[in-house]
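Heavy-atom basis, side chains included; hydrogens, waters and symmetry copies ignored. Counting begins at 1 with the first residue of the sequence. Not measured: the values here are computed from a predicted model.
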Amino acid sequence: MRFLSETTTNGVTGRDFIHDGVPGVLWTPSGTDAPSPLVLGAHGGGQHKRAPRSVDHAARCAAAGMAVVTLDAPAHGERPRTAEDERAVAEIRARVAAGQDVGELVAEYNASLARRAVPEWRSVLDEVLELPEISSGGGVGFWGMSMGSAIGIELVAAEPRVLAAVFGLVGRTEQLARAAAGVTVPMRFLLQWDDQLIAREAGLAMFDAFASREKTLHASPGGHGDVPEGEIGSAVAFLAERLGVGRLGTE
């Protein structure tokens, strides 16, 4: 892992890095010498590691005493698209323009991204947990919505170091349901009741597929990008509690 640059804003330090060709950012609370528990933050489709929503989530987690690592997903951000990526994106855009349903096509493409992304995440995790500013003893959390959930469900099922997860804005597919059957950690699932991209029934079926004994469904009115501020703050508090930080804002 090679760090490239560092910036500190509002008490959060972000360090860009590259690991085996994968660009990422490690966000840590500044002004503390204590190691921080780690959250893996996966961005949504069409986004990147420093998209406003990813930066906001990282800042909220850092304020609660947690570090966050974000990566550019395959074919996103600074990463080039393959010919297969270009074909998939072009077909999705064409169907959207024609007013056709793209749910199945998006799910297939997200599955292909997950196959590439999961080994990358696990390799980065190996490196980050060796850093002195990161606590390696208390477990790891995961946060990802939409495409980030499609990648994260596969990742959490495969990665025993993840102890708590926040998923959402994704519908059930056979592949994701198989992976979700291997997710047993405490988790919460965010669903937008009027999501124009994910059918309500598909979201509810996805929640039902998780094997976790401790899981909660958080449904709110509004579309795909309208997750309420309260739900975001509550998700941060959930991860902080599960990763042993204590009460939000006290560490």
Using the six-membered ring wherever Trp is involved, compare the ring planes of Phe17 and Phe3 and label them parallel, tilted or perpendicular (cut-offs 30° and 60°). perpendicular
Charged N-O contact under 4.0 Å between [X] and [Y]:
| X | Y | result |
| --- | --- | --- |
| Arg2 | Asp20 | no |
| Glu214 | Arg188 | no |
| Arg87 | Glu91 | no |
| Asp126 | Arg161 | yes |

Between [X] (side chain) and [Y] (backbone), is there a donor-acceptor pair under 3.5 Å?
| X | Y | value |
| --- | --- | --- |
| Asp56 | Arg53 | no |
| Ser220 | Pro228 | no |
| Ser149 | Gly168 | yes |
| His19 | Val22 | no |
| Ser30 | Gly11 | yes |

Spatial distance of atom [atom1] ([X]) from atom [atom2] ([Y]) [nearest 0.5 Å]:
| X | Y | atom1 | atom2 | answer |
| --- | --- | --- | --- | --- |
| Met66 | Leu38 | CE | CG | 10.0 Å |
| Leu191 | Phe167 | CG | CZ | 14.5 Å |
| Thr184 | Arg213 | OG1 | CZ | 10.0 Å |
| Leu26 | Leu131 | CG | CG | 6.5 Å |
| Thr70 | Asp72 | OG1 | CG | 7.5 Å |
| Ile92 | Leu105 | CD1 | CG | 4.5 Å |

Tell me whether [X] shares a hydrophobic cluster with [Y], the cluster being built from Ile, Leu, Val, Met, Phe, Trp, Tyr side chains joined at under 4.5 Å.
| X | Y | result |
| --- | --- | --- |
| Leu239 | Ile134 | no |
| Val162 | Met145 | no |
| Val118 | Leu113 | yes |
| Val236 | Leu217 | no |
| Val102 | Tyr109 | yes |

Looking at side-chain heavy atoms only, is the closest gap between [X] and [Y] below 4.5 Å?
| X | Y | result |
| --- | --- | --- |
| Val124 | Glu127 | no |
| Glu133 | Pro35 | no |
| Val166 | Phe142 | no |
| Phe238 | Thr216 | no |
| Trp121 | Leu71 | yes |
| Val106 | Leu197 | no |
| Val12 | Thr28 | no |
| Leu155 | Leu40 | yes |

Compare every heavy atom of [Y] with every heavy atom of [X], then report the nearest pair and how far apart it is.
| X | Y | answer |
| --- | --- | --- |
| His48 | Gly77 | CB-CA, 3.6 Å |
| Pro74 | Arg116 | CB-NH2, 3.5 Å |
| Asp85 | Ala75 | OD2-CB, 3.4 Å |
| Ala205 | Arg172 | CB-CD, 3.5 Å |
| Ala150 | Asn110 | CB-CB, 3.8 Å |
| Ile198 | Gly171 | CG2-N, 3.6 Å |

If you look only at pairs with a residue in residues 190-212, which of them pass as a side-chain hydrogen bond (donor to acceptor under 3.5 Å, both in side chains), with sequence neighbours excluded? Asp195-His224
Derivation and outcome, side chain to side chain contact (heavy atoms under 4.5 Å, CB included), residues Leu163 and Arg242: CA-CA 7 Å; Leu163 300 186; Arg242 291 297 169 181; over 6 Å; no
Apply side chain to side chain contact (heavy atoms under 4.5 Å, CB included) to Arg15 and Leu4, showing your working. CA-CA 7 Å; Arg15 288 186 287 166; Leu4 306 173; over 6 Å; no
Answer yes if the side chains of Glu154 and Gln175 hold a donor-acceptor pair under 3.5 Å, and no otherwise. yes
Is it true that the side chains of Thr8 and Thr13 contain a donor and an acceptor less than 3.5 Å apart? yes
Using the ring centroid of each side chain, check whether His43 and His76 are separated by less than 6.0 Å. yes
Apply salt bridge (charged side-chain N to carboxylate O under 4.0 Å, His left out) to Glu120 and list each qualifying residue two or more places apart in sequence or on a separate chain. Arg79
Under the rule for salt bridge (charged side-chain N to carboxylate O under 4.0 Å, His left out), what residues qualify as partners of Glu78, not counting sequence neighbours? Lys49
Enclosure of Glu84 CD (heavy-atom neighbours >12, cutoff 6.0 Å): no
Would you say that more than 12 heavy atoms from the other residues, nucleotides or ligands in this model lie under 6.0 Å from the CD of Gln100, or not? yes
Is the terminal nitrogen or CZ of Lys215 (NZ for Lys, CZ for Arg) located under 6.0 angstrom from the six-membered ring centre of Phe207 and within 45° of that ring's axis? yes
Take Phe189 and Val170 through the side chain to side chain contact (heavy atoms under 4.5 Å, CB included) test and state the conclusion after the steps. CA-CA 9 Å; Phe189 189 86; Val170 66; 3.9 Å; yes
